[in-house]
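The chains referred to below are lettered A, B, ... by the order of the sequence lines, with proteins before strands, and numbering in each begins at 1.
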Amino acid sequence: MHPAFSCKGPLKMSRYEASQIEAKWQEAWEAASTFEAKRTADKPKYYVLEMFPYPSGKLHMGHVRNYTMGDVIARYKLSTGHNVLHPMGFDAFGMPAENAAMAIGGHPKEWTYNNIDTMVEQMKPLGLSLDWSRMFATCDPEYYGQQQALFLDFLEKGLVYRKNAVVNWDPVDMTVLANEQVEGGRGWRSGALVERRELTQWFFKISDHSEELLSALDNLENWPAKVRLMQENWIGKSRGLQFGFERVDGEEPITVYTTRPDTLMGASFVGISPDHPIAKQLESESEEVAAFVAECRKGGTTEEAIETGEKLGMDTGIRVRHPLNPEWELPVWIANFILMDYGTGAIFACPAHDQRDFEFATKYELPIIPVFEDPAGTGDLSEAYVPTKAEKVKYVKGFAGDTEQTGEDGVNAAVDQAEANGWGEGVTKYRLRDWGLSRQRYWGCPIPVVHCDDCGVVPEKKENLPIELPDDVSFDKPGNPLDRHPTWRNCSCPKCGKPALRETDTMDTFVDSSWYFARFTAPRADTPTDMAEAEYWMNVDQYIGGIEHAILHLLYSRFFARAMQICGHLPEKSVEPFDALFTQGMVTHAIYENAERKDENGRTVYHYPAEVEERDGGTFVKETGEKIKVIPSAKMSKSKNNVVDPLAIISAYGADTARWFVLSDSPPERDVEWTASGAEAAHKHLSRVYRIAAEAATMDDGTGKDDDTLVRETHKAIQDVTLGVESFGFNASIAKLYGFTNTLAKSKAGGAAKKQAAKVLAQLMSPMTPHLSEAIWELLGGEGLIANAPWPVADEAMLVEDTVTLPIQINGKRRAEIEVSKDLDKSEVEKIALAHEAVQKALDGNAPKKVIVVPGRIVNVVA
RNA sequence: GCCCGCGUGGUGGAAUGGUAGACACAGGAGACUUAAAAUCUCCAGGCCUUAGUGCCGUGCCGGUUCGAGUCCGGCCGCGGGUACCA
């Protein structure tokens with residue numbers, strides 16, 4: 001009956017053998033289809049989802065932490081009577097597969113599917129409560145074909161369009177580079193200085209939904225405030241003034257947008273982006289301008305590179321009139337820090353109150369004209385004075401409203417003045433840009449359109465989907481192999497039937513991850529979703545993933561849910577697809593950089609933690625003895641090799657130990673630095689739990705002197721652990737479980753009470769250590785699987801304490817404590833406290849100035 | 001640069017504005033053992049030749065409060081994101 005315990009008496013206790021226990025119970029769950037999700041009306045549904053992994057080939061501790069957290073929630077919800085959907089898949093398109101093909105040969109497809117197989121094999125031993133029958137990879141044609149169908153629907157609804165946008169261009173390899181492939185402004189393979197170049201690309205019209213994506217954030221109560229704030233700032237709604245500067249030469253006025261029109265009297269010059277139409281025209285007319293603009297286009301496209309790079313400017317010679325004083329002429333400069341994508345691509349600069357303008361004006365000796373008084377009053381002009389809009393300032397050169405008002409009021413008054421006099425208008429703008437989805441790469445979802453000489457851009461017919469990637473491609477040359485594929489590119493026009501060319505750009509991998517959560521509700525449907533299934537399972541009740549996805553992935557998914565709803569692929573309620581979000585911290589680890597050599601391409605060599613050793617006060621490569629430079633604590637990343645293999649822990653101590661270990665100690669939302677010590681201790685603790693339970697199992701069902709206390713402690717444990725699990729305080733739950741285990745171990749209670757306590761302990765541990773808990777459950781004669789057993793409920797009556805210890809503070813410092821009954825009246829507590837000798841001594845015969853009694857908490861006497 | 005976080009003993013960390021350091025790890029002492037392992041018990045923030053229930057202590061400086069690790073302002077350090085890494 002109890003195989004782990006058979007034929008052995010209490011003195012020769014059976015050992016905790018994780019490998020046997022875990023294999024056994026995983027088979028039992030599989031046989032009972034415990035985690036297969038089926039639609040049913042008799043239970044409330046619960047959809048828990050962890051962000052699916054990229055199949056890098058190795059499961060790392062970050063994955064284990066992420067999936068274990070989700071598993072705790074999933075198993076807990078199962079125990080509380082929910083119909084749980086807990087699926088898993090792979091975000092399988094992306095650059096690393098192509099990089100691997102280039103570096104070691106082989107095919108991205110083969111590399112990816114091999115990695116998926118490996119990772120599934122690594123995940124299965126963890127005993128996660130996943131419905132594996134729903135698994136898919138985004139590189140499965142069944143998945144990306146439906147994604148192509150979505151694209152066509154979006155196209156029809158006007159949610160996708162084409163326009164020009166800049167990319168990183170490697171002039172030596174003649175190829176587009178991802179931001180990650182640009183290191184210090186140079187291409188990572190060629191080493192050539194990268195340039196910004198324009199290409200025609202596909203865009204999702206996410207900016208049409210700016211206002212909705214912003215205002216809907218207010219209703220996401222179960223999202224972390226920081227994520228909502230980050231998204232709010234990213235969308236970047238601003239109210240400002242748009243107006244034209246008349247050109248002295250009589251050409252078309254230059255339209256600018258500003259969020260600080262109140263500083264207009266401090267205007268020093270007008271700045272335009274190097275990509276502004278005026279700059280482009282001058283570029284074609286003047287060699288000097290062409291050379292300058294070319295200089296501006298050097299370097300990568302990231303906002304960081306542009307914002308932190310050296311500020312460059314050139315006077316165009318164009319002069320414009322100040323809108324409030326036609327006599328006042330301002331120069332027009334081309335400036336490399338002005339983005340064509342934001343506002344109108346042209347600004348007016350007020351160096352006195354904008355640090356970036358200040359630096360530019362200082363460098364090029366342009367005037368700095370204060371508009372409001374710096375309260376420091378030093379007249380110090382080494383930096384700009386930049387008060388917030390909420391601050392009240394004294395305008396010395398204002399033109400609208402009072403001389404003393406907040407920046408906000410000043411802005412509004414300036415907008416009113418401009419509108420009343422007809423030279424400008426108040427407008428609302430958003431920082432959020434449309435989402436460019438075209439990628440000039442092979443390993444992604446092909447964009448299902450065709451370019452026809454006669455018909456232009458023509459959508460593929462749905463019956464021709466999926467447009468599958470061809471397998472016969474090579475990566476021996478830089479660039480997109482689809483561009484040079486002999487036959488795949490050639491096709492016939494879906495509209496007129498004449499020979500045409502297939503689009504060779506593929507989709508951004510963020511597209512793949514923007515709707516997988518919806519696909520999980522009906523992963524084999526022959527439309528993107530099955531509305532009946534989506535209606536039942538959506539929304540995701542609890543989404544769990546890394547904080548690094550706070551903006552892009554989550555914002556894109558929110559947009560996609562809206563777009564899918566518009567196209568009839570998701571119900572109305574799913575426009576916000578994630579009801580609750582939890583962002584867990586990352587598992588970090590030191591990076592080991594080889595200090596003695598670079599690789600053949602001159603790039604840094606990184607070593608795995610397992611490859612290095614610490615000795616003689618330094619760190620060295622085990623095999624070669626080369627010296628290592630240790631870079632502390634960074635996100636575990638395959639490219640930096642600082643990953644720890646969880647399989648080592650699983651094979652040494654078992655999955656439950658690994659699960660218990662990643663959940664204990666660190667709060668889930670915080671980053672955790674991986675250290676190897678501690679895993680053994682976790683295993684010791686689980687062995688101890690097993691031993692204590694096994695010992696209880698051998699006891700007679702008698703009573704003992706500690707029975708009442710143990711029952712009370714049991715109910716307290718239920719209360720505390722449940723609260724911890726429900727609030728993602730897994731580390732707190734585990735701390736309580738340690739305490740409860742100690743209580744149980746030392747308790748002099750009788751067999752019946754101890755067995756009951758051990759059963760509850762097993763249940764409370766079961767979301768974290770499901771295999772061990774099943775084993776203990778069986779040992780103690782529990783009915784069925786613990787996975788299906790109803791979660792224990794704490795009896796309120798058992799939680800009430802009779803007395804409480806109150807600390808007494810004198811002037812805020814703890815000086816004594818008193819024990820009083822829980823419901824004692826405030827005035828009675830005050831009397832007892834004042835009578836205390838420490839208080840009497842401190843008061844020295846005087847009356848207290850004040851006495852604060854916080855019931856059940858503290859007494860503070862102000863002497 | 002900009003946006004968002006985080007900072008507490010040797011270490012991971014606990015603490016609805018109310019006893020700072022719960023619970024662990026590493027460490028120390030002891031019990032058991034021929035011995036080791038395992039297990040069990042106890043100690044453990046810093047300071048002091050006053051060892052008091054004394055003083056100091058949650059990155060630094062200031063503020064609000066009867067009371068601040070927690071709230072506010074300003075610094076410093078670290079991490080995430082910055083639209084083509086996923």
Across the strands shown, which category fits A:Gly436 at heavy-atom distances under 4.0 angstrom: base, sugar-phosphate, nothing?
sugar-phosphate

For A:Gln440, answer base if it contacts any base atom (sugar-phosphate contacts may also be present), sugar-phosphate if it contacts only those atoms, and nothing otherwise; contact means non-hydrogen atoms under 4.0 Å.
base

Could you tell me whether the phosphate oxygens of B:G67, OP1 or OP2, come under 4.0 Å of any side-chain nitrogen or oxygen in A:Arg857?
no

Do we see a donor-acceptor contact under 3.5 Å between the side chains of A:Asn742 and A:Arg688?
yes

Using the P atom as the reference point in each nucleotide, state the distance between B:U19 and B:G1 in Å, no decimals.
39 Å

Reckon A:Ile306 touches a base, only the sugar-phosphate, or nothing at all at heavy-atom distances under 4.0 Å?
nothing

Using a cut-off of 6.0 Å, state whether more than 12 heavy atoms not belonging to A:Lys163 lie near its atom NZ.
yes

Using the P atom as the point on both nucleotides, what is the distance between B:G10 and B:U64, in whole Å?
32 Å

Could you measure between the two C1' atoms, the one in B:A22 and the one in B:G54, and give it in whole Å?
25 Å

Would you mind classifying the nucleic acid contact of A:His549 as base, sugar-phosphate or nothing, using non-hydrogen atoms under 4.0 angstrom?
base

So what does A:Arg228 touch, heavy atoms closer than 4.0 Å: a base, only the sugar-phosphate, or nothing?
nothing

Looking only at atom P, what distance separates B:G27 and B:U11, rounded to whole Å?
15 Å

Counting heavy atoms from C-beta on, name the nucleotide in B:C84, B:U82, B:A86 closest to the side chain of A:Glu548.
B:A86

Among B:A86, B:A24, B:C56, the one nearest any side-chain atom of A:Asn742 is B:A24

When A:Phe52 and A:Ile547 are each assigned the nearest nucleotide of RNA chain B, the 5'-most assignment goes to A:Ile547

With heavy atoms under 4.0 Å as the rule, sort A:Pro53 into base, sugar-phosphate or nothing.
nothing

NZ or CZ of A:Arg228 within 45° of A:Trp223 ring axis and under 6.0 Å
no

When you get a sec, tell me which of B:A83, B:U41, B:A20 is the closest nucleotide to the side chain of A:Trp234?
B:A83

Under 4.0 Å from OP1 or OP2 of B:C56: is there any side-chain N or O of A:Lys813 that close?
yes

For B:C78, the Watson-Crick or wobble partner whose two distances fall under 3.5 Å:
B:G5

On a plain distance test, is the side chain of A:Asn860 in donor-acceptor contact with the base of B:C66 below 3.5 Å?
yes

With RNA chain B as reference, determine whether A:Leu229 or A:Gly739 sits nearer its 5' end, using the nearest nucleotide of each.
A:Leu229

Could you check whether A:Asp434 pairs with A:Lys205 (Lys NZ or Arg NE/NH1/NH2 to Asp/Glu carboxylate O, under 4.0 Å)?
no

Any strand counts, and the cut-off is 3.5 Å on both contacts for Watson-Crick or G-U wobble. Which nucleotide pairs with B:G67?
none

So A:Gln201, base contact, sugar-phosphate only, or nothing? Heavy-atom distance under 4.0 Å.
base

As a test of reading the structure: which of B:A83, B:C40, B:G13 is closest to the side chain of A:Ser666, going by heavy atoms?
B:G13

Go ahead and name the base partner of B:A29; Watson-Crick or wobble counts if both distances stay under 3.5 Å, otherwise write none.
B:U41

For A:Lys849, report the nucleic acid contact type (base, sugar-phosphate, nothing); a contact means any heavy atom under 4.0 Å.
nothing

Once you apply a heavy-atom cut-off of 4.0 Å, does A:Val167 come out as touching a base, just sugar-phosphate, or nothing?
base

Side-chain N or O of A:Thr302 versus OP1/OP2 of B:U82: is the shortest distance under 4.0 Å?
no

Picking from B:G1, B:A24, B:A86, which would you name as closest to the side chain of A:Thr308?
B:G1

Taking OP1 and OP2 of B:C66, is either one under 4.0 Å from a side-chain nitrogen or oxygen of A:Lys850?
yes

Taking only the P atom of each, what is the distance from B:U70 to B:G63 in whole angstrom?
14 Å

Of the listed B:A86, B:A83, B:G18, the closest approach to the A:Val854 side chain comes from B:G18

With rounding to whole Å, what would you report as the distance between B:C25 and B:A14 at their C1' atoms?
15 Å

Whether the side chain of A:Glu303 and the base of B:G1 hold a donor-acceptor pair under 3.5 Å is what I'd like checked.
yes

Is any side-chain nitrogen or oxygen of A:Asn731 closer than 4.0 Å to OP1 or OP2 of B:A14?
yes

In the strands shown, is B:C23 matched to any nucleotide by a Watson-Crick or G-U wobble pair with both distances under 3.5 Å, and which?
B:G12

OP1 or OP2 of B:G7 under 4.0 Å from side-chain N/O of A:Arg670
yes

What does A:Phe337 touch in the nucleic acid at a heavy-atom separation under 4.0 angstrom: a base, only the sugar-phosphate, or nothing?
nothing

Take atom P in B:C4 and the same atom in B:C75, then report the distance between them in whole Å.
14 Å

Taking B:C85, B:A20, B:A83 as options, the one with an atom nearest any side-chain atom of A:Gln809 is B:A20

For A:Asn233 and B:C4, is the shortest distance between a side-chain N/O and OP1 or OP2 below 4.0 Å?
yes

Below 4.0 angstrom, N of the basic side chain to O of the carboxylate: do A:Glu232 and A:Lys237 qualify?
no

Name the orientation of the base relative to the sugar in B:G30: syn if the glycosidic angle is within 90° of 0, else anti.
anti

Under 3.5 Å, is there a donor-acceptor pair linking the side chains of A:Ser664 and A:Asn731?
no

If you check every side-chain atom of A:Val862, which of B:C66, B:C84, B:C4 has the closest atom?
B:C66

Name the nucleic acid region contacted by A:Ser687, choosing base, sugar-phosphate or nothing; use a 4.0 angstrom heavy-atom cut-off, strictly under.
nothing

Checking contacts here: which listed nucleotide (B:C85, B:C42, B:G81) is nearest the side-chain heavy atoms of A:Lys746?
B:C42

Are A:Asp505 and A:Arg441 close enough for a salt bridge, meaning some N to O gap below 4.0 Å?
no

If you go through the side-chain atoms of A:Glu669, does one of them form a donor-acceptor pair with the base of B:C6 closer than 3.5 Å?
no

Residues A:Tyr430, A:Trp234; criterion side chain to side chain donor-acceptor pair (under 3.5 Å); working and verdict
CA-CA 9 Å; A:Tyr430 299 86; A:Trp234 184 260; over 6 Å; no

Searching all strands shown, indicate the nucleotide that pairs with B:A83 (Watson-Crick or G-U wobble; both distances under 3.5 Å).
none

Would you say the side chain of A:Glu304 and the base of B:C2 hold a donor-acceptor pair, judged only by whether the two atoms sit under 3.5 Å apart?
no

Without hydrogens or angle criteria, can the side chains of A:Glu817 and A:Thr805 be said to hold a donor-acceptor pair below 3.5 Å?
no

Taking the minimum atom-to-atom distance to the side chain of A:Lys226, which one of B:A86, B:C84, B:G5 wins?
B:G5

Hey, are A:Thr302 and A:Asn179 close enough side-chain-wise for a donor-acceptor pair under 3.5 Å?
no

Given the C1' atoms of B:U49 and B:U39, what is the spacing between them in whole Å?
41 Å

